[in-house]
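Scroll down for the structure; my scribbles are underneath it.
It should be emphasised that the depicted structure is a prediction, and the values quoted were computed from it without experimental measurement. A note on names: the letters A, B, ... follow the listed sequences, proteins ahead of strands, and every chain is numbered from 1. Just so it is clear, the values below take in all heavy atoms, side chains as well, and ignore hydrogens, waters and symmetry mates.
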There are 4 protein chains.
Amino acid sequence: MRADARRNRELLLRAAQDAFAEEGIGVPLDEVARRAGVGPGTLYRHFPTKEALFEAVVHERLRELAARAREAADAADPGAAFFGFVAHMVREAAPKQDLVDALGGAGAELQTALAATAGELREEVGRLLARAQRSGAVRPDLGAGDLMALLSGLLHALRGRSRDPAAPADQEVMTAVLCDGLAARPGR
Amino acid sequence: MRADARRNRELLLRAAQDAFAEEGIGVPLDEVARRAGVGPGTLYRHFPTKEALFEAVVHERLRELAARAREAADAADPGAAFFGFVAHMVREAAPKQDLVDALGGAGAELQTALAATAGELREEVGRLLARAQRSGAVRPDLGAGDLMALLSGLLHALRGRSRDPAAPADQEVMTAVLCDGLAARPGR
Amino acid sequence: MRADARRNRELLLRAAQDAFAEEGIGVPLDEVARRAGVGPGTLYRHFPTKEALFEAVVHERLRELAARAREAADAADPGAAFFGFVAHMVREAAPKQDLVDALGGAGAELQTALAATAGELREEVGRLLARAQRSGAVRPDLGAGDLMALLSGLLHALRGRSRDPAAPADQEVMTAVLCDGLAARPGR
Amino acid sequence: MRADARRNRELLLRAAQDAFAEEGIGVPLDEVARRAGVGPGTLYRHFPTKEALFEAVVHERLRELAARAREAADAADPGAAFFGFVAHMVREAAPKQDLVDALGGAGAELQTALAATAGELREEVGRLLARAQRSGAVRPDLGAGDLMALLSGLLHALRGRSRDPAAPADQEVMTAVLCDGLAARPGR
DNA sequence: GATGAATGAGCATTCATTCAT
DNA sequence: AATGAATGAATGCTCATTCAT
């Protein structure tokens, strides 16, 4: 691949990251191309469909999250590792509309293409989860799929609220609610 | 109103309920009309804009939920009333993509028209919440806006999962996580 | 024809007169029906197409103008009769958008259907004109068609101006310009 | 700008000129595109709204007329310059339905966007007019707005007549009537 | 390879006309 | 005969995708 081609690919990915983060999957591709400073044709040379671009962006983000989960897998305190990762993931993903869209499953086609990467993240998170459950920090009746769904839901909730001035919502409190709900309850 | 008009209005509302429930606000009006077995002009006669139709559908659903919340307001046990309503709301609203869209605030314009009804629901829910908080059943650091957002998020999560066969998620467990997170924690 | 049918026909014509006068041929028929207090179906019972209704309205107006021209045909002073009629016609027709549309020939189909009545008016006006020309009051190089066109143009001009606050125009002056232009010029 | 783009822009403008000239602002954009041999999207690329296209066409025509008026402003004989311009304008604009629409003020929105250019023309014409009035060639009781309205009306009249074979009208005579009406009358 | 112009299917909405009630 | 609901073709505009330059 020529140097300028590689550079354009980078520019496009960066622009797409920003655009998708701000507006979700709804952004016109022309705007992505404009942000990247290239023509839409160039975009299509690198990414044959809009979904391919979207997937590329989300793929990268999912892998970053998966990597982070992997790092946390060896931490001394399984419970702290798990809840630390949850907090990290919420913090990182909340402002990325595309992740919210992707994790929430907007459009069934996305799922198939992203399934592998999403599965990878789910596996890593599942490992963290299982370890935390074995250590007694997290409720035992929870599958990795449930957890991913709950995270996706929280992200969605945070997205919606950031636009609605009439109903103020507190990211800290909402995350705390989720974490408390995930925690094992001593009395039970 | 003439019999055929009422019938078609019913058909349209029903078709719109189904279509919006399945696909959210994104469904083409022509498809709603097609599902109802009428022409697009007929749809227009009954609902002058797409938003009017969407609002009619969501309005009804929001009012049902608000009514249910009002009923619960006088129950003997404030905590049980609150958690019972949360479970009811999740059960009812989960398969309705439109409610998820509306509660999640997809598109600022919707909000203005539905704000009144959504606000009504929030108020009723807020009353249940406050009472449950005073009774010590629900954590005190939670606003009505937070709660609505969390519910909206959970609904979104459930919607997304219902389409994703690869990542099974359990509505019961997820609702339990939310409810446990909402509950006051004795030890704190 | 039943009494109520005749009455509805009257109501419709009256409503159409008003609506067409105010908005020209562009008014939706539903609005005409609404103004008349009847259903659109009733409108169609009496007038099989929109154009038929339009023609009925314009027909009546043209006949009134023709009658007025006929009255003026015997006046003592041919010049005064002619210019008096011109002023009358401008005064009457200026606020009737439909007449402006019809005389201006908006839509070729109209012309065919209204041709007979418009021709009748043209004939009467032509008689006034010829008499005034013979008396030396009006320039001789003017045909009845020219005159009708000029009148239609003046009406159009007055219509446009009444909407444009940036370019004030004076109906009196404009009519005077036309009349002076029509008058025979002594020096020639 | 690329060669093909410029070519298509030219084709579109030309097609729009013809279509607007023949049918006024009422032509469907799809027909303009069809005439130009391009898709509707291409039209949109060059002219983002229908009004933008209309304005582009009319703008050009108005500017040509304004330029012509400016040229005439320094002529030796103010009266001849004025009447010459009137004749020129009638000749040029008569077959252009769009100019008639624009000058006649069809639709208030047009006015805002074209107001500047139309105002420019009115100013230039007003200059010619004032000079001719000072020289005693043109009646003093006439504003620039009146003149523009009269011109617009004459154009409208000529348009209408060109479609009506039953009522022959003579452009020369009609223009002469207007000009004579505009001229100062010695005897008054 | 890059560019950006062209494409055309698709959408919400309007309104003259028809037809069941 | 009246009613007003239903029809559906048409319009301006958008945007993912293709293709000439």
> If you write DNA chain E from 5' to 3' in dot-bracket form, with Watson-Crick or G-U pairs under 3.5 Å, [ ] for crossing pairs and | for pairs with another strand, what do you get?
Replying inline: .||||||||||||||||||||
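- Here F:dT11 presents its P atom at 20 Å from CZ of D:Phe47, a figure rounded to the nearest Å.
- Not one N or O on the side chain of B:Arg9 forms a donor-acceptor pair closer than 3.5 Å with the backbone of B:Asp4.
- One interatomic measurement links the two molecules: CZ of A:Arg9 to P of E:dG1, which rounds to 12 Å at whole-angstrom precision.
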>> Let's go through D:Tyr44 and D:Thr49 carefully: what are the C-alpha distance in whole Å and the side-chain angles of both, what is the deciding distance for side-chain contact (heavy atoms from CB on, under 4.5 Å) to 0.1 Å, and is it a yes or a no?
In response: CA-CA 7 Å; D:Tyr44 174 73; D:Thr49 67; 5.9 Å; no
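- Of the listed nucleotides (E:dA12, F:dA16, F:dG12), F:dG12 has the atom at the smallest distance from the side chain of D:Pro28.
- Here E:dG4 presents its C1' atom at 17 Å from CD of A:Glu31, a figure rounded to the nearest Å.
- Applying the 4.0 Å criterion to OP1 and OP2 of F:dT7, one finds that B:Thr42 has a side-chain N or O inside that range.
- For the pair D:Arg45 CZ and F:dA16 P, the computed distance is 14 Å after rounding to whole Å.
- OP1 or OP2 of F:dA2 has at least one side-chain nitrogen or oxygen of C:Asn8 nearer than 4.0 Å.
- Taking the nucleotide of DNA chain E with the nearest heavy atom to each of D:His46 and A:Gly37, the more 5' of the two is matched to A:Gly37.
- D:Val27 comes within contact range of the sugar-phosphate backbone alone, with a heavy-atom separation under 4.0 Å but no base atom that close.
- Map A:Gly39 and B:Thr49 each onto its nearest nucleotide of DNA chain E; the residue landing nearer the 5' end is A:Gly39.
- Closest of all the heavy-atom pairs between C:Phe54 and C:Ala102 is CE2-CB, 4.2 Å.
- F:dT17 atom P lies 11 Å from atom CG of A:Leu53, rounded to whole Å.
- The distance from atom CZ of C:Arg34 to atom C1' of F:dT3 is 16 Å, rounded to the nearest whole Å.
- Taking atom CG of residue B:Leu29 and atom P of nucleotide F:dT11, one finds them 20 Å apart after rounding to whole Å.
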> So A:Gln17 and A:Lys96, side-chain contact (heavy atoms from CB on, under 4.5 Å) or not? Walk me through it.
Replying inline: CA-CA 8 Å; A:Gln17 279 161 8; A:Lys96 316 265 165 62; over 6 Å; no
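- When all heavy atoms are compared, the tightest approach of B:Lys50 to B:Val27 is NZ-O, 3.1 Å.
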Just the table, please: protein N/O against nucleotides 18-21 of chain E N/O, every pair under 3.5 Å.
none

> Where do B:Val58 and B:Phe20 land on the side-chain contact (heavy atoms from CB on, under 4.5 Å) test, with the steps shown first?
Replying inline: CA-CA 9 Å; B:Val58 173; B:Phe20 283 141; over 6 Å; no
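- Side chain to side chain, B:Asp101 and B:Gln97 meet the donor-acceptor criterion of an N or O pair below 3.5 Å.
- In terms of position on DNA chain F, the residue among D:Asp30 and B:Arg6 whose nearest nucleotide sits closer to the 5' end is B:Arg6.
- Proximity note for C:Lys50 (side chain, C-beta onward) versus F:dG12, F:dT3, E:dA16: the nearest is E:dA16.
- Residue D:Leu12 comes nearest to D:Val32 through the heavy atom pair O-CG1, 4.3 Å, listed as atom of the first residue, atom of the second, then distance.
- The CD-P distance, from C:Glu23 to E:dC15, rounds to 11 Å in whole Å.
- Here the closest non-hydrogen pair linking D:Ser152 and D:Val100 is O-CG1, 4.3 Å.
- A salt bridge is defined here as a Lys NZ or Arg NE, NH1 or NH2 lying under 4.0 Å from an Asp or Glu carboxylate O, and D:Arg6 with D:Glu10 fails to meet this definition.
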